[in-house]
Amino acid sequence: MSSTSPIRVAVTGAAGQIAYSLLFRIASGAMFGPDRPVAFQLLEVPLEKPMQALEGVAMELDDCAFPLLKSITVTSDPAIAFKDANWCLLVGAKPRGPGMERADLLKDNGKIFITQGQVIDQVAAEDARIAVVGNPANTNCMIAASQAKRLPADRFTAMVRLDQNRAQTQLAKKASTDLTAVRDIFIYGNHSPTMFPAFAHATINGQPAPAVINDDAWLKGPFCETVGKRGAAIIAARGASSAASAANALVDHVRDLITPGTIHSVAVKSNGAYGFDPQVWAGLPVRTTTPGSYEVVEGYAMDEFAQAKIAATNAELVEERAAVASML
Ligand code: NAX
């Protein structure tokens, strides 16, 4: 693929609320850069309402006259949506309904990600990369990856970047400093309230964050809790789940994965890093090596508190894996 040919970007759940922010950011160049044309391949469920809504989204994209947007395909057929796709952004998932058990949610969504994993493996581009947003994101990603015979497991990533961004802002506010002064705050584990924002390695204006903040109780308590439960707080305040901030985080996730040298939080197959079960997809600090490829940054020391947090979020991931074992 030459650098001026359009990047084929498949987006699922394309009539949903995250996509309604995401597509316009991608088409404006925020994800792949201001010089890189894109071609959209947008997938929705084969029902009249979402398909009609998706037609409306495509009309609005047309009406933006984005110079970088070269084509828009609207479909309910995964084989069309993922055909030759360079990036597959798996946003669509079934929301948890009233009274629904987490195990049922895992299984219902698991079925979606089995199919999508298989079709991506069959028809996506040779260099395809997959980013999963639909919840439970880590486990959905693991299920999709388990279906792939052609594409290696490290092509499948899940998003914990929203959690990193949330943590960065909370640290900046507490330290009454500019957001850009906060660096190296990484998310470990599941995209769920058990996630661990590892504050001990963060820096603020180049100094260790714990020394600058000087409030261990806040870091271990309200900070971790605020980041972990931010999604629920947004729902309580807005009456709908995070959408624009989730779309923004996905822009960050992909942009940083194609920008060598960047270190950022991504849920990837753990392969045992930091004591995670080797088979689960866990949020970890990764360093982008070449565009689309990365290595886990190992060697951050974990104290007793951090080890307990990692053990708890790992236990949840292992439990989720057990609940979908028949799908892997
Ligand atoms: P919406 O319900 O607004 O949109 C989801 C869309 O996906 C719907 O239009 C639905 O028809 C479609 N869909 C369902 N199954 C599909 C399938 N098999 N193929 C194609 N499309 C399908 O949800 P939205 O607010 O956009 O959120 C999407 C997902 O992101 C949810 O699972 C949500 O829980 C998850 N989130 C993940 C976050 C993360 O950080 N990883 C944060 C934000 C968000 O909560």
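We count ligands from 1, going down the list as the structure has it; atoms in each ligand are counted the same way.
Between F223 and F199, the ring planes lie perpendicular to each other; the angle is over 60°, past the 30° to 60° tilted range.
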Self-check item: Working for side-chain hydrogen bond (donor to acceptor under 3.5 Å, both in side chains), residues N165 and D252
Solution: CA-CA 9 Å; N165 290 349; D252 290 345; 3.0 Å; yes
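Within the listing of ligand 1, atoms 25 (O) sit less than 4.0 angstrom from a heavy atom of S241. Atom numbering of ligand 1 starts at 1 in the shown order; those under 4.0 Å from a heavy atom of G13 are 6 (C), 7 (O), 12 (C), 20 (C), 21 (N). Close contacts between ligand 1 and A93 involve ligand atoms 7 (O), 14 (C), 32 (O) [criterion: under 4.0 Å to a heavy atom]. Of all atoms in ligand 1, listed by their number and element, those nearer than 4.0 Å to a heavy atom of I112 are 15 (N), 18 (N). Residue contact check: V91 has heavy atoms under 4.0 Å from atoms 28 (C), 29 (C), 30 (O) of ligand 1. Residue contact check: G134 has heavy atoms under 4.0 Å from atoms 29 (C), 30 (O), 32 (O) of ligand 1.
In this structure, F40 and I26 have side chains that are in contact, with non-hydrogen atoms separated by less than 4.5 Å.
For a threshold of 3.5 Å applied to N or O pairs, the pair formed by T12 and ligand 1 contains no separation below that value. Among the atoms of D163, none of the N or O lies under 3.5 angstrom from an N or O of ligand 1.
For the pair G231 and ligand 1, no heavy-atom separation below 4.0 Å is found. By the 4.0 Å heavy-atom criterion, Q116 is counted among the residues contacting ligand 1. In this structure, A243 does not count as a contact residue of ligand 1, since none of its heavy atoms falls inside 4.0 Å of the ligand.
For the pair K309 and Y188, the cation does not sit on the ring face, since its NZ or CZ is not both under 6.0 Å from the ring centre and inside 45° of the axis.
Note that atom 2 (O) of ligand 1 has no protein non-hydrogen atoms nearby, at separations under 4.0 angstrom.
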